[in-house]
Amino acid sequence: MLQDSIQVPPPEEVMTDQSTDAIAPSEITPARFDDLQARVNQLERALQSQQARGNGTEEPSPPADILTENQHESMRINSHRSGDDGIRISLLQDGITSRFEAVQSFINGLGSDDDAEEICSAAADLYMLHQVTQQYPPRESASYDKIVDVISHMQRLLPDITTCLTLVGLYFQYFENCFRVLHRHTSLIKFRAVLDNSLSRAERDAWLPLLLSVISIASSLNTLPECNIPRLHGETDGIGAYQLIRNYLSLLTPRKWKEISNIQIAVLSLQFQKSCPFNDLESWLWSGNVLRRAMAAGVHDLRSTSGDIFRAEMNQRLWLTILETDLTFAVASSMPANCPIWQGPPPMSVNDEELQPGMTRSPRCKNIEEWTDGVCQYVLAQSHNDRMKAYSLVSSGATASYGTVLQHTRHLEQIIHDLPQFFRLGSPDEASNTPHRLLAQMELDLLLRRPLIACYAPFAAQMPTDDSFKEARIPWIQSCTFSACFQDLFDPKYPLMDLPRPEGLWDFYYRRYNWDIDQFFFANCLELQRLRRLDPGAADASSPEFFGHTLRSSAKVKGWTIEGIIKSIEEGIHPLMRRVGRPGSSLRDLVRWVAVLGSLKVSPACTRHAIKNELQSLIASLKHRFADQIDRPKAQSDPVRPDWDEKRKIRWLQRYLLQYEDDHDLDVQPPAMFSEYVMSTREVANP
């Protein structure tokens with residue numbers, strides 16, 4: 001298990017200096033860019049040098065690069081020195097592999113040596129595997145021009161009453177903890193009325209999209225047989241629930257957008273996006289749209305409720321959910337958060353049955369030590385402004401001062417440290433160890449920890465030779481590793497939960513929390529690279545049975561060592577390997593981290609050979625696993641078109657490894673490209 005191989009720094013590594021002065025690195029080594037970027041940087045430095053000589057000042061230090069990454073697009077945060085008091089954060093597009101010099105050199109040198117034939121073969125194999133295993137977001141489909149037609153189609157998508165109510169119960173059990181949108185008892189009454197056709201047409205048209213949104217989100221868990229409803233996902237007529245909901249929202253008039261039910265539908269569409277392979281940047285843009293719609297509807301203003309206790313509480317819940325969702329997408333896409341500062345009292349820590357429409361006295365807010373339906377959101381509300389202010393220091397366009405950022409990170413660390421025991425994994429309380437409570441505890445921890453990780457990254461990821469950012473580096477790696485260890489909770493290989501379909505939560509975790517997985521690999525691989533530079537003569541690490549999954553998962557290595565970090569990374573790669581082809585998996589992410597790890601397991605002189613061997617081993621293992629999904633035609637004269645010659649194949653592989661954001665062509669098979677392979681099906685392989 002990954003949590004068995006967490007590396008803890010020795011006591012002498014822990015920083016005790018609490019200085020808040022700004023610290024600047026004495027020397028920052030620039031990342032290696034591709035040829036075009038290198039030329040641009042060279043021109044910039046030449047101009048700066050010429051201006052410096054003209055002004056009689058010293059030439060400024062070169063910029064230092066920092067990278068963050070998510071499952072669907074490659075982002076690079078570039079931090080430029082801005083005086084003595086901070087660094088300038090800007091957002092650029094680039095592959096994360098540029099932070100690892102050996103991998104970048106391998107990519108740039110593809111096809112230039114005597115192994116061009118092997119590389120072309122690997123490219124063809126990898127392209128085939130990508131087509132077999134790639135997961136796609138819901139495709140754009142034909143849309144309706146009238147809401148009445150959308151409502152009619154929504155009605156046809158609904159399953160039977162029993163299945164609907166089962167999924168509604170599943171939704172409230174798993175999803176209404178940190179992100180609260182609906183009131184359980186009021187919603188259940190209305191949903192039953194929708195299914196019984198006992199509502200007026202106006203009420204039905206308001207509640208039917210909500211019901212469809214709820215059951216679609218619940219079905220994404222796939223923990224029960226009732227979750228398997230192909231028509232909800234467009235597998236029957238090509239139009240799924242999500243497409244219909246977005247179609248419905250696009251047809252709303254400005255007056256209709258002021259209705260709270262439509263704001264709730266829009267917020268639920270964001271919850272759906274977090275559980276599917278959507279582009280995080282597009283989700284960030286949509287969350288900003290929803291936030292502004294909510295403000296226009298007065299959701300953020302308690303005065304708009306006219307003293308109605310129930311409505312005021314529901315608006316507070318909804319508004320905080322919108323703010324937390326926007327912050328989540330902002331961190332995942334490395335973009336600024338749109339959300340304003342939280343104002344007013346937090347949503348109450350109460351159970352839904354204690355809150356009813358028309359009530360004249362507010363229920364008593366429970367103590368934070370007592371679990372309620374609203375306690376997770378209550379905890380989030382206490383720290384939202386602190387996390388928002390901290391993240392704003394390092395979001396794109398900000399000038400970040402190391403000392404100022406550390407003041408905020410120390411405060412955020414203390415917030416996490418002070419959480420009650422029943423919020424932590426391994427609580428002796430049996431009720432805390434149910435699947436839905438464990439998921440709520442994990443999500444709360446990740447929501448508190450993500451802005452913290454984002455604050456550490458611009459400094460810690462620079463890994464300067466004098467380790468001047470040590471106070472950020474150590475907790476950054478620890479937080480990233482801790483976040484990734486949650487995957488062990490849902491891995492069917494370690495049956496900790498009694499569920500009809502335990503692999504459903506496993507898939508859900510990787511779809512919803514892929515950013516946290518990437519941060520684990522990025523932080524640990526950078527630390528491994530740092531240790532390699534400090535000890536270039538360290539013995540090579542080899543795991544000949546790595547892709548056979550025979551590495552002992554219980555292996556522990558004391559201290560923060562090269563061997564220990566390699567084992568931690570390998571433990572993280574194992575489930576990615578087993579998950580290829582499953583919902584939420586990404587072959588490109590797996591290939592990237594296998595290549596990076598391969599380059600760091602050996603001495604610098606052997607990296608090219610090591611990367612190639614690791615990739616070939618990975619490809620061979622996957623080809624064996626997916627053999628029944630690949631059919632080679634027995635005879636083909638000239639399977640590859642002239643425009644996909646050796647150079648084009650090599651270029652495709654380079655782009656695949658670099659993971660540029662604009663690689664739309666990687667997901668669409670060009671005619672006859674590598675057509676010696678014919679993909680017969682895209683069935684999900686068993687783990």
Leu448 vs Leu412, test: side-chain contact (heavy atoms from CB on, under 4.5 Å). Steps then yes/no. CA-CA 8 Å; Leu448 295 175; Leu412 295 181; over 6 Å; no
In terms of heavy-atom contacts, Ala461 and Trp476 come closest through CB-CH2, 3.9 Å
Under 4.5 Å between any side-chain heavy atoms of Leu285 and Met335, yes or no? no
Beyond-backbone contact of Leu270 with Gln273, side-chain heavy atoms, under 4.5 angstrom: yes
Of all heavy-atom pairs between Ala472 and Tyr402, which one has the smallest distance, and what is that distance? N-OH, 3.4 Å
Arg410/Glu471 salt bridge by N-O under 4.0 Å criterion: yes
Would you say that Gln104 contacts Arg99 through its side chain, given a criterion of any heavy-atom pair below 4.5 Å between the two side chains? no
So do the side chains of Tyr510 and Pro575 get within less than 4.5 Å of each other, counting heavy atoms only? yes
Taking the six-membered ring of Trp506, is NZ or CZ of Arg582 closer than 6.0 Å to its centre and within 45° of its axis? no
Got a second to check how far Leu291's CG is from Leu323's CG, nearest 0.5 Å? 6.0 Å
Mind checking the CG-CG spacing from Leu439 to Leu489? Nearest 0.5 Å is all I need. 9.5 Å
Atom pair NE2 (His609) and CZ (Phe106), whose distance is rounded to the nearest 0.5 Å: 11.0 Å
Would you say that Leu327 contacts Arg387 through its side chain, given a criterion of any heavy-atom pair below 4.5 Å between the two side chains? yes
Rounded to the nearest 0.5 Å, what separation is found between the CD atom of Glu324 and the CG atom of Leu447? 6.0 Å
When the aromatic ring centroids of Phe482 and Phe486 are compared, is their separation below 6.0 Å? yes
Take the angle between the ring planes of Tyr509 and Tyr513 and call it parallel below 30°, perpendicular above 60°, tilted in between. tilted
Grab the two heavy atoms, one from Ser383 and one from Ile415, that are nearest each other, plus how far apart they are. CB-CD1, 3.7 Å
So does Pro475 get a backbone contact from the side chain of Ser479, meaning a donor-acceptor N/O pair under 3.5 Å? yes
Take Asp326 and Ser287 through the test side chain to side chain donor-acceptor pair (under 3.5 Å) and record every step on the way to the result. CA-CA 5 Å; Asp326 186 74; Ser287 71; 2.9 Å; yes
Ion pair Lys601/Glu563, N-O distance below 4.0 Å: no
In the structure I gave you, are the side-chain heavy atoms of Ile341 and Lys389 within less than 4.5 Å of one another anywhere? yes
For the atom pair CD1 (Ile650) and CG (Leu653), what is the distance rounded to the nearest 0.5 Å? 8.0 Å
Please assess Ile119 against Gln654 for the test side-chain contact (heavy atoms from CB on, under 4.5 Å), listing each intermediate value before the final yes or no. CA-CA 10 Å; Ile119 295 299; Gln654 288 175 322; over 6 Å; no
Relative to Tyr656, does Arg588 satisfy both conditions: NZ or CZ under 6.0 angstrom from the six-membered ring centre, and within 45 degrees of the ring's axis? yes
For Ile453 and Cys480, which heavy atoms make the closest approach, and how far apart are they? CG2-SG, 3.7 Å
Output, in order, the C-alpha distance, side-chain angles, deciding distance and verdict of side chain to side chain donor-acceptor pair (under 3.5 Å) for Thr325 and Gln271. CA-CA 8 Å; Thr325 301; Gln271 303 306 307; 3.2 Å; yes
Applying side chain to side chain donor-acceptor pair (under 3.5 Å), run through Gln487 and Asp491 and close with a yes or a no. CA-CA 6 Å; Gln487 62 184 299; Asp491 193 333; over 6 Å; no
So which heavy atom on Ala390 is nearest to which on Cys455, and how close? O-SG, 3.3 Å
Between Asp507 and Arg579, does any NZ, NE, NH1 or NH2 come within less than 4.0 Å of an OD or OE carboxylate oxygen? yes
Measure from the side-chain N and O atoms of Ser105 to the backbone N and O of Glu101, and report whether any donor-acceptor pair falls under 3.5 Å. no
If we count only N and O atoms by modelled type, under 3.5 Å, do the side chains of Thr481 and Asn524 hold a donor and an acceptor together? yes
All heavy atoms of Ser483 vs all of Asp516, minimum pair found to be CB-CB, 4.3 Å
Between Thr133 and Leu622, does the side-chain contact (heavy atoms from CB on, under 4.5 Å) criterion hold? Intermediate values first, please. CA-CA 10 Å; Thr133 63; Leu622 291 176; over 6 Å; no
Geometric class of the Phe522/Trp593 ring pair [parallel <30°, tilted 30-60°, perpendicular >60°]: tilted
Can a donor-acceptor pair be found, under 3.5 Å and without considering hydrogens, that links the side chain of Ser599 to the backbone of Val596? yes
In sequence, state the C-alpha distance, the side-chain angles, and the governing distance for Phe423 and Cys376, and then conclude on side-chain contact (heavy atoms from CB on, under 4.5 Å). CA-CA 9 Å; Phe423 281 115; Cys376 288; 4.1 Å; yes
Enter the distance from Leu526:CG to Leu531:CG here, rounded to the nearest 0.5 Å. 11.0 Å
Of the options Leu657, Leu600, Ile107, Val103, which is the one that meets Ile611 in a side-chain contact (heavy atoms from CB on, under 4.5 Å)? Val103
Backbone N or O of Gly598 within a donor-acceptor pair of the Glu614 side chain at under 3.5 Å? no
Quick one: does Leu528's side chain get under 4.5 Å of Leu597's, heavy atoms only? yes
Contact check, side chains of Asp386 and His408, non-hydrogen atoms, under 4.5 Å: no
Looking at Met463, is its backbone amide N or carbonyl O close enough to the side chain of Arg530 to form a donor-acceptor pair, meaning the two atoms are under 3.5 Å apart? no
Specify whether Tyr127 and Trp652 have parallel, tilted or perpendicular ring planes, treating 30° as the upper limit for parallel and 60° as the lower limit for perpendicular. perpendicular
Examine distances only and state if a side-chain atom of Arg578 and a backbone atom of Ile573 form a donor-acceptor pair shorter than 3.5 Å. no
Side-chain donor or acceptor of Ser568 paired with backbone N/O of Gly564 under 3.5 Å: yes
